[in-house]
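Okay, structure first, notes after.
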Amino acid sequence: MATTKAPDAGRRSDRSRRAIHDAALALVTEQGYRRTTIEGIAARAGVGKQTIYRWWPSKAAVLMDAFLDLAGRTAEDAGGAPQPDGATSSGGSAPGLPDTGDLAADLKTVLRATVDELNNPVLEAVTRALTAEGIVDAKLGAEFVQQLLDPQLALYVTRLRAAQEAGHVRAEVDPRIALELLIGPLMHRWLLRTLPLTHAYADEVVDYAIGGLTPRA
């Protein structure tokens with residue numbers, strides 16, 4: 001007597017999660033964060049609302065999870081490195097900024113990767129939606145910072161502290177302020193679209209910042 005193989009619940013759940021992620025990202029890109037609803041995501045994904053609420057407490061949580069998943073897939077498609085904000089990893093080790101001993105070159109590598117991410121049309125619309133909505137929605141803004149920005153900013157702090165220990169950055173420099181000298185100009189130009197965001201601009205930002213970070217004669 002032939003046996004019927006039981007459905008793979010785990011695989012079905014993975015398919016449903018991916019469908020929900022894709023639906024959330026598509027709707028936010030098409031109509032913006034505020035007009036996107038749990039009902040709309042469920043309808044686009046072909047699932048019930050309760051399926052979404054079983055896994056996520058809110059629309060913001062769905063979108064954040066979807067964005068993190070998208071960023072991870074984008075990095076994998078690019079070959080696994082650079083990761084978000086230019087972080088690298090190998091052999092399953094923890095990600096970190098490159099450390100070749102040349103701080104300026106390493107930072108240029110990272111900021112160029114950041115420019116590429118911000119200019120990536122697959123990521124841009126959702127990043128803008130989360131960033132803009134986080135300005136007016138304090139709770140979403142805090143989640144965006146905690147889940148996405150803080151882990152990446154910590155990599156800059158680690159790299160700058162290593163540069164301090166090597167004598168390449170003045171000991172009194174606050175790494176948290178220093179990293180804002182690097183990231184702030186890129187985000188300003190990208191958010192306000194004042195001028196094109198390019199690799200050349202990223203290189204100049206590093207050169208200007210390094211001038212204020214390195215030991216003085």
Side-chain angles (χ1 to χ4, degrees), residues 9-79 82-87 111-153 180 183-199 201-202:
R11 182 174 297 177
R12 186 168 63 247
S13 293
D14 288 342
R15 285 199 300 266
S16 295
R17 284 178 182 271
R18 178 57 56 82
I20 292 167
H21 284 168
D22 291 345
L25 295 169
L27 288 172
V28 168
T29 300
E30 294 168 10
Q31 60 190 32
Y33 177 79
R34 291 192 177 186
R35 294 180 60 192
T36 298
T37 64
I38 291 291
E39 291 80 2
I41 295 171
R44 176 70 69 94
V47 302
K49 286 193 305 181
Q50 292 309 311
T51 297
I52 295 178
Y53 283 120
R54 187 165 63 247
W55 291 328
W56 298 279
S58 66
K59 175 179 71 174
V62 176
L63 184 59
M64 192 72 65
D65 199 25
F67 180 77
L68 292 171
D69 178 62
L70 174 63
R73 282 186 280 153
T74 301
E76 289 176 4
D77 291 343
Q83 294 175 3
D85 269 357
L111 291 198
R112 283 184 172 214
T114 302
V115 165
D116 291 341
E117 280 198 0
L118 293 174
N119 287 331
N120 183 337
V122 177
L123 297 172
E124 182 180 15
V126 183
T127 306
R128 283 189 181 279
L130 283 169
T131 303
E133 193 63 25
I135 293 172
V136 296
D137 183 336
K139 183 178 179 181
L140 176 62
E143 291 176 354
F144 186 72
V145 170
Q146 180 181 11
Q147 295 190 44
L148 185 66
L149 293 184
D150 277 348
Q152 295 178 359
L153 297 182
E180 291 175 355
I183 298 173
L186 267 65
M187 294 305 297
H188 177 273
R189 181 171 285 204
W190 177 74
L191 280 172
L192 301 182
R193 296 187 174 97
T194 53
L195 288 168
L197 189 61
T198 65
H199 285 181
Y201 176 65

What distance do R189 atom CZ and T194 atom OG1 have between them, rounded to the nearest 0.5 Å? 5.5 Å
More than 12 heavy atoms of other residues, nucleotides or ligands under 6.0 Å from NE2 of H188: yes or no? no
Could you tell me whether the side chain of T51 and the main chain of V47 form a donor-acceptor pair under 3.5 Å? no
I'd like to know if the side chain of Q31 and the backbone of R35 have a donor-acceptor N/O pair within less than 3.5 Å. yes
For the atom pair CG (L25) and CD (E30), what is the distance rounded to the nearest 0.5 Å? 11.0 Å
Does the side chain of Y53 come within less than 4.5 Å of S58's, by heavy atoms? no
Checking the side chain of W190 only, and the main-chain atoms of L197 only, is there a donor and an acceptor separated by less than 3.5 Å? no
So OG1 of T127 and CG of L118: to nearest 0.5 Å the spacing works out to 7.0 Å
Nearest heavy-atom contact between Y201 and P185 is OH-CB, 3.3 Å
Can you tell me if Q146 has over 12 outside heavy atoms packed within less than 6.0 Å of its CD? no
Does K139 make a cation-pi contact with F144 (under 6.0 Å, within 45 degrees of the axis)? no
Hey, what do you get for OH (Y33) to CG (D137), rounding to the nearest 0.5 Å? 6.0 Å
Could you tell me whether D69 and R17 have a side-chain N and a carboxylate O separated by less than 4.0 Å? no
Rounded at 0.5 Å granularity, tell me how far CD in E124 sits from OG1 in T131. 10.5 Å
Are side-chain heavy atoms of L148 and L68 found at a separation under 4.5 Å? yes
Would you find more than 12 non-hydrogen atoms of other residues, nucleotides or ligands less than 6.0 Å from R54 atom CZ? yes
For a quick test of reading the model, state the closest non-hydrogen atom pair linking H21 to V62 and the distance between them. CD2-O, 4.4 Å
Closest approach of I38 to K49 (non-hydrogen atoms, all atoms of both residues): CG2-CG, 4.2 Å
Evaluate I183 against T114 for side-chain contact (heavy atoms from CB on, under 4.5 Å), listing each step before the verdict. CA-CA 9 Å; I183 298 173; T114 302; over 6 Å; no
Looking at A45 and A19, what are the two nearest heavy atoms and their distance? CB-O, 3.6 Å
Heavy atoms only: give me the nearest G40-T37 pair and the separation to one decimal. N-OG1, 2.9 Å
Where the side chain of K59 meets the backbone of A24, is there a donor-acceptor pair that is under 3.5 Å apart? no
Is there a donor-acceptor pair under 3.5 Å between the side chain of R112 and the backbone N or O of A202? no
Give me the atom names and distance for the closest heavy-atom approach of H199 to D116. NE2-OD1, 2.8 Å
side-chain contact (heavy atoms from CB on, under 4.5 Å) partner of R44, chosen from T36, L27, D22, I20: L27
How long is the straight-line distance from CG of L130 back to CG of L63, given to the nearest 0.5 Å? 4.5 Å
